[in-house]
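Here the structure is laid out as structure tokens; the discussion comes afterwards.
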Amino acid sequence: MDLQYNQDELTFQQEVRLFLKNNLPENLSQKVKLGLELEKSDFDQWHTILNTQGWLASHWPEKYGGTNWSSIERHIFEEECCFAFAPRIIPFGISMLAPVVIAFGTEQQKQHFLPRILNGEDWWCQGFSEPGAGSDLASLKTKAVLENGEYIVNGQKTWTTLGQYANWIFCLVRTSSDGKPQTGISFLLIDLSSPGIEMKPIKLLDGSYEVNEVFFQDVRVPVGNIIGEENKGWDYAKYLLTYERTNIAGVGASFVALKQLKVLASKIKQGNSYLIDEYSFASKLADIEIRLTAMKVMNLKVLSLVQSGKAPGVESSILKIKGTEIQQQINDLTRQAMGPYAPTSISEFNNDFVLEQSNLYDDDNSLFQLGSKASSKYLNNRKLSIFGGSNEIQKTIIAKQLLNF
Amino acid sequence: MEFNYSDEHRMLGETLNRFFAEKYTSQLRESIENSAQGYNLDVWNELCELGMLGALLTEQQGGFGGMGEDINILFQELGKVAANEPLLSAGILGLRLAAELKQESLVDEIMQGDKQITLAHFEPESRYEIDVIKSQATPTEKGFRINGKKSMVYGAENCDQFFISAKIGDSKKIAIFLIKKIVKGLTLSTRKLNDGKIVSDVLMSNIEVSSSSLILDDAFDILQKLFSLACLALSAEALGAMKSSKNLTVEYMKERKQFSRPLSAFQVIQHRCVEMVIEIEQLDASLIQAANDISFAIHSNQNDDWKQAFISTASAKYLSGVTGKLISEESVQLHGGIGMTWEYPLGHFVKRIIMNNHQFGDSDYHLKQHIKMLKAELV
Ligand SMILES: Cc1cc2nc3c(=O)[nH]c(=O)nc-3n(C[C@H](O)[C@H](O)[C@H](O)COP(=O)(O)OP(=O)(O)OC[C@H]3O[C@@H](n4cnc5c(N)ncnc54)[C@H](O)[C@@H]3O)c2cc1C
């Protein structure tokens with residue numbers, strides 16, 4: 001047993017740090033640090049920088065533009081990116097669709113789509129969920145009927161994250177209603193500029209716009225846009241979800257958020273003392289830190305399992321549950337920390353101060369800004385336990401796979 | 001012992017219930033969110049015309065209620081629709097305070113709906129502590145010069161006058177002044193809250209006031225009592241919103257089908273809904289106790305009875321914070337994606353429940369108050 005990184009890994013860590021120091025633009029890291037909303041151009045900018053370095057799609061095979069990093073090295077990269085306040089890599093093309101294309105796509109699909117994902121020409125979104133098919137994804141109804149070399153697609157997808165930025169969507173569609181629901185599903189790539197597609201924004205609880213409804217009416221999709229075989233889409237989707245759930249624990253991001261919360265708690269006054277001096281608050285903070293540290297080890301344990309060639313099973317479900325709970329607890333405590341200022345509304349202000357360097361009480365705006373950010377983040381991140389396979393569904397998986405219930 | 005409400009109290013609840021159910025449509029909600037004052041003027045005027053403000057005053061003060069039960073009932077109804085009308089900021093912190101301070105003519109004007117007034121007390125650094133007040137009133141020849149800053153004053157922009165708290169000279173006592181909103185040296189910076197309400201920071205810089213604007217030179221007791229009413233009101237409002245939130249969730253579990261059956265067919269879902277019901281019952285009971293203790297203290301006006309009322313309102317506010325977090329988070333979770341949307345009414349309840357915990361002390365604060373009183377009892 002040895003919890004330290006080995007010499008090679010430490011060297012790699014230095015290399016990543018140096019790269020981030022020299023290449024991560026200040027305007028981006030500042031935005032991330034202040035919790036400001038990132039725009040498409042911000043993500044594109046960061047993707048391009050990483051792509052130039054050859055680090056954008058680190059988990060792809062080298063011949064398609066990936067690296068040969070081990071899972072520990074990938075973890076180090078992700079962690080360092082969090083610590084440096086780099087924007088997150090948008091997963092839909094790079095981490096969800098690409099592995100499926102690489103594993104099951106035709107040579108032509110690989111040649112066409114993979115470079116476009118890397119160079120940012122295509123922004124993908126995920127069209128799995130429907131109004132009637134959430135946890136029970138296999139009951140999806142959006143239909144694709146083959147007619148003269150084209151699929152005619154009719155139906156509706158929903159909760160499509162960042163669909164407003166996308167020009168392509170990968171969908172699960174029903175191509176057969178025979179047999180079990182899972183066996184009649186196909187995996188289809190659809191150009192969002194096709195006639196018959198309408199996208200409508202959905203406003204979330206905190207007032208933000210990040211998800212959409214997508215309507216399909218007699219949309220024509222070339223037969224060449226199907227992945228693998230017809231009616232095998234469910235298998236490909238399951239393969240994709242194993243990728244969706246890697247790094248689901250968000251350890252690095254939680255450490256960063258916790259660190260900021262500690263700074264905040266040492267600056268917020270409650271009467272004649274500081275919030276960090278309040279036992280009830282401090283004990284919750286410590287509780288989270290203890291759990292997060294344990295989760296970090298759990299996460300590394302799974303990674304070294306993957307390193308040795310085993311596929312994670314229930315472990316990733318456990319990490320999803322614990323990881324999202326911890327993130328939500330940090331958001332909850334940050335909201336509590338803001339006290340009377342938490343109910344302020346979002347989007348009125350842009351943070352323009354650095355927490356570490358500011359006296360919160362010098363200027364009214366600081367507290368308002370932090371308050372509104374904290375409560376909208378709290379509300380918005382309730383999604384973490386709902387999407388990516390809800391925490392209830394994860395528990396059912398654990399019960400079946402681990403306990404044989 | 002009697003656990004049924006009197007006919008008058010039942011009628012108060014039923015009237016308000018009908019009133020709000022009829023008014024609070026999604027269009028009204030939208031108009032409120034886009035309004036300058038943070039609530040609907042017509043609804044507010046109708047409430048005043050119905051005489052509902054009278055429920056906040058005792059008979060001696062010119063009302064028909066003013067007891068713990070009235071507040072509990074009224075604010076639960078408000079919470080059930082997550083209404084924005086300022087019954088706390090202009091009602092309890094304005095009208096009721098004016099009555100406690102024996103400002104009869106002011107009470108009349110407010111009751112007739114001619115005037116709105118509120119209390120500007122808390123300051124940026126006080127967080128939830130009542131007695132951490134740095135605003136200063138310096139005696140002058142004609143009266144006082146006031147300097148200081150009040151934060152998060154709900155509905156300040158809608159008021160004509162404020163009660164403000166400050167310390168006179170180097171006195172440690174908290175005095176209350178009545179000042180006009182439009183006066184040299186006073187600036188409001190107003191912002192919107194995430195439920196559409198408006199709130200202001202009130203900056204007082206060398207405001208000159210006459211000596212008659214000093215209303216009371218030692219207001220701590222009155223404020224402490226008033227804040228226990230406010231805590232009861234906020235807890236009751238949150239409870240009303242919790243009931244609506246739970247009801248929406250239970251209904252949705254019966255409607256929503258996944259895996260070819262309603263979600264309510266899964267035992268784990270049943271248990272989680274039941275958990276909500278049990279916790280809500282517990283909070284309801286805690287509020288009955290707090291309301292009862294407040295009424296008792298108002299009647300007797302004995303110190304010991306007020307002490308008891310403070311303990312039980314702190315308990316109720318604590319429980320309402322803890323229960324509120326559970327109900328909000330469970331309601332959203334059990335709804336899945338739909339619970340995350342702005343359009344679906346659940347969000348209004350969730351925000352009201354969570355944000356009430358950020359006024360007049362959160363659950364940590366009230367737990368601490370309870371511990372203090374518990375220790376004091378032992379010595
Ligand atoms: C912000 C956000 C972004 C999203 N982005 C995308 C996206 O980009 N692409 C996409 O395809 N989808 C996306 N989703 C959809 C997401 O995957 C679904 O919301 C999720 O699968 C849950 O489905 P549902 O919302 O229909 O809830 P439901 O399935 O209706 O579930 C409601 C509740 O019941 C629970 N439940 C359901 N079945 C059971 C059971 N058998 N036992 C116990 N409990 C159960 C669930 O856990 C949940 O708590 C997103 C969702 C959100 C909120």
Side-chain angles (χ1 to χ4, degrees), chain A residues 129 131-139 158-159 181 202-208 211 268-272 275 278-281 284 328 332 335-336 338-346 348-349 360-361 364-365 367-368 371-372 375-376 378-380 382-383 385-387 390-392 395-396, chain B residues 122 124-132 149 151-152 189 191-197 199 201 203 256-260 263 266 268-269 272 321 325 328-329 332-344 346-347 350-351 354-365 367-368 371:
Chain A
S129 307
S135 299
D136 182 13
L137 187 58
S139 69
T158 191
W159 311 123
I202 301 175
K203 191 176 180 183
L204 290 184
L205 208 48
D206 59 327
S208 67
V211 293
I268 294 272
K269 293 184 181 170
Q270 166 139 330
N272 299 319
L275 189 55
E278 295 285 321
Y279 177 79
S280 53
F281 190 88
K284 282 184 225 170
Q328 289 177 336
D332 180 43
R335 169 183 63 74
Q336 279 181 45
M338 290 318 300
Y341 290 93
T344 42
S345 156
I346 60 161
E348 276 195 51
F349 318 99
L360 296 179
Y361 298 88
D364 307 349
N365 275 339
L367 289 159
F368 273 96
S372 67
S375 52
S376 54
Y378 165 78
L379 292 168
N380 186 279
R382 299 315 305 169
K383 71 188 175 192
S385 47
I386 295 173
F387 67 17
S390 74
N391 287 14
E392 288 74 24
K395 284 181 188 168
T396 304
Chain B
F122 290 104
E125 296 181 19
S126 38
R127 196 172 161 94
Y128 301 127
E129 302 288 351
I130 304 184
D131 54 353
V132 178
K149 185 164 153 193
S151 64
M152 296 297 284
S189 57
R191 317 167 201 235
K192 260 202 174 327
L193 299 187
N194 52 22
D195 61 3
K197 285 186 187 162
V199 77
D201 273 3
L203 188 66
R256 174 70 170 170
K257 283 205 174 97
Q258 289 289 279
F259 307 100
S260 318
L263 287 177
F266 294 102
V268 63
I269 299 275
R272 283 169 68 170
K325 183 168 135 64
S328 320
E329 293 179 355
V332 172
Q333 182 67 23
L334 292 181
H335 271 87
I338 194 83
M340 288 290 306
T341 62
W342 183 276
E343 294 301 318
Y344 191 71
L346 180 67
V350 164
K351 279 183 240 172
I354 294 291
M355 296 313 162
N356 274 17
N357 199 29
H358 289 269
Q359 289 178 66
F360 290 91
D362 60 9
S363 40
D364 277 0
Y365 175 83
L367 192 63
K368 197 167 114 184
I371 293 170

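Computation of the quantities below employed the complete heavy-atom set of this structure, encompassing side-chain atoms and omitting hydrogens, waters and symmetry-equivalent molecules. Below, chain A is the first sequence line, B the second, and so on; all start at residue 1.
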Side chain, backbone, both or neither: which part of B:Lys197 has a non-hydrogen atom closer than 4.5 Å to chain A? neither
Hey, are the side chains of A:Phe368 and A:Met338 touching, using non-hydrogen atoms and a 4.5 Å cut-off? no
Looking at A:Arg382 and B:Glu329, is there a salt bridge between them, counting it only when a charged N and a carboxylate O are closer than 4.0 Å? yes
May I ask you to name which of A:Ser139, A:Ala133, A:Ser135 has the most heavy-atom pairs under 4.5 Å with chain B? A:Ser135
Between A:Asn380 and chain B, which part of the residue has a heavy atom less than 4.5 Å away: side chain, backbone, both or neither? backbone
Part of B:Val268 lying under 4.5 Å from any heavy atom of chain A: neither
Winner by heavy-atom pair count (cut-off under 4.5 Å) against chain B, out of A:Ala342, A:Ser390, A:Gly371, A:Gly339: A:Gly339
State, with a plain yes or no, whether a side-chain heavy atom of B:Phe122 is found less than 4.5 Å away from one of B:Val132. no
Residue, of B:Gly339, B:Ser363, B:Gly336, that accumulates the most heavy atom pairs under 4.5 Å with chain A: B:Gly336
Considering only heavy atoms, which portion of B:Gln359 lies under 4.5 Å from any heavy atom of chain A: side chain, backbone, both, or neither? neither
Under a 4.5 Å heavy-atom cutoff, which of B:Ser126, B:Gly347, B:Ser328, B:Pro124 has the most pairs with chain A? B:Pro124
Chain A contact via B:Val332 - which portion, at a heavy-atom distance below 4.5 Å: both
Checking heavy atoms, do the side chain of B:Glu129, its backbone, both or neither come under 4.5 Å from chain A? side chain
Using a cut-off of under 4.5 Å on heavy-atom pairs, state which of B:Met152, B:Glu125, B:Lys368 scores highest against chain A. B:Glu125
Under 4.5 Å to a heavy atom of chain B? For A:Ala138 that would be neither
Report yes if some heavy atom in the side chain of A:Thr158 is under 4.5 Å from a heavy atom in the side chain of A:Ile202; otherwise report no. yes
Contact check, side chains of B:Met355 and B:Asp195, non-hydrogen atoms, under 4.5 Å: no
Within the structure provided, determine whether B:Val350 and A:Leu379 are in side-chain contact (heavy-atom separation under 4.5 Å). yes
Taking the side chain from B:Lys257 and the backbone from A:Gly132, do they hold a donor-acceptor pair closer than 3.5 Å? no
If I measure from the heavy atoms of chain B, does A:Pro131 come under 4.5 Å with its side chain, its backbone, both, or neither? backbone
Measuring heavy-atom distances to chain B, does A:Lys284 have an atom under 4.5 Å in its side chain, in its backbone, in both, or in neither? side chain
Interchain contact, B:Met340 with chain A, by part (heavy-atom threshold 4.5 Å): both
Given the side-chain rings of B:Tyr365 and B:Phe360, with only the six-membered ring counted for Trp, is the space between their centroids under 6.0 Å? no
Check ion pair A:Glu392-B:Arg272 (N to O, under 4.0 angstrom): yes
Side chain, backbone, both or neither: which part of B:Thr341 has an atom under 4.5 Å from a heavy atom of chain A? both
Heavy-atom pairs under 4.5 Å with chain B: which of A:Ile386, A:Ile268, A:Val211 has the most? A:Ile386
Heavy-atom side-chain contact between A:Tyr341 and B:Arg127 under 4.5 Å: no
Evaluate the criterion side chain to side chain donor-acceptor pair (under 3.5 Å) for residue pair A:Gln328 and A:Ser385; output intermediate values, then yes/no. CA-CA 9 Å; A:Gln328 289 177 336; A:Ser385 47; 2.9 Å; yes
